[in-house]
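The block underneath contains the structure these notes are about, expressed in structure tokens.
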Amino acid sequence: MREKINTSVQSASLIIVVAGLAWVVWSNDTTVRDMLTYLIILMVILEGLSLYLIGGVYPESHSTFKSGMIAALLILLGVKLMLPEMFISLTITVFAINFLYNFYTNNKRRKGAFKRKTKRKFR
């Protein structure tokens, strides 16, 4: 059940990003930098929810990657202040990496090849 919710959360995050960027195109009062800032905050919340939902089911490498992705999104908020000319391109790159990884793991999990290994206790 949690995996279905996780897939829905990942699909919702993609829809939110597309809708946000479409809003920038059709709205004259919102800039791309402002919209990407809002999207980063929403993505941090959604990635945190996703990590909470499936942290114990997916392998540790997945949890590590998701934690790194959340950190990268938060670092982008600092990049917005320090290197504003690189903010848009870096943000789009991080979003693309995140979405490619999400769909890769969802497809691999459906095939049954992406499971957490059981720990063996020493006797």
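The residues of the chain are indexed from 1 along the displayed sequence. Given the structure is predicted, the values throughout are model-derived calculations rather than measurements.
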**Complete:** Interatomic distance, CD1@Ile97 vs CZ@Phe65, rounded to 0.5 Å, equals 6.5 Å
**Asked** Counting only heavy atoms not in Tyr38, do more than 12 sit closer than 6.0 Å to its OH atom?
**Response** no
**Prompt:** Hey, any chance Ile45 and Ile16 share a hydrophobic cluster, counting ILVMFWY side chains that come within less than 4.5 Å of each other, even indirectly?
**Reply:** no
**Item:** Single-linkage hydrophobic cluster, 4.5 Å side-chain cutoff, Ile41 and Met43 together
**Value:** no
**Prompt:** Do Phe95 and Ile15 share a hydrophobic cluster (ILVMFWY, side-chain heavy atoms under 4.5 Å, transitive)?
**Reply:** no
**Message:** I'd like to check the side-chain hydrogen bond (donor to acceptor under 3.5 Å, both in side chains) partners of Ser67; sequence neighbours left out, ordered by chain and number.
**Reply:** none
**Message:** Quick check: closest heavy atoms across Arg33 and Phe87, and the distance to 0.1 Å?
**Reply:** O-CE2, 3.7 Å
**Asked** When rounded to the nearest 0.5 angstrom, what is the spacing between CD1 in Ile88 and OG1 in Thr31?
**Response** 8.0 Å
**Prompt:** Is it true that a side-chain atom of Asn98 and a backbone atom of Val94 form a donor plus acceptor pair closer than 3.5 Å?
**Reply:** no
**Leu81 reachable from Met86 in the ILVMFWY side-chain graph, under 4.5 Å edges** = no
**Prompt:** Linking I/L/V/M/F/W/Y whenever any side-chain heavy atoms sit under 4.5 Å apart, do Trp23 and Leu39 land together?
**Reply:** yes
**Prompt:** Side chains of Lys80 and Thr37: is there a donor and an acceptor less than 3.5 Å apart?
**Reply:** yes
**Asked** What pair of heavy atoms forms the shortest contact from Leu76 to Ile40, and how long is it?
**Response** CB-CD1, 3.8 Å
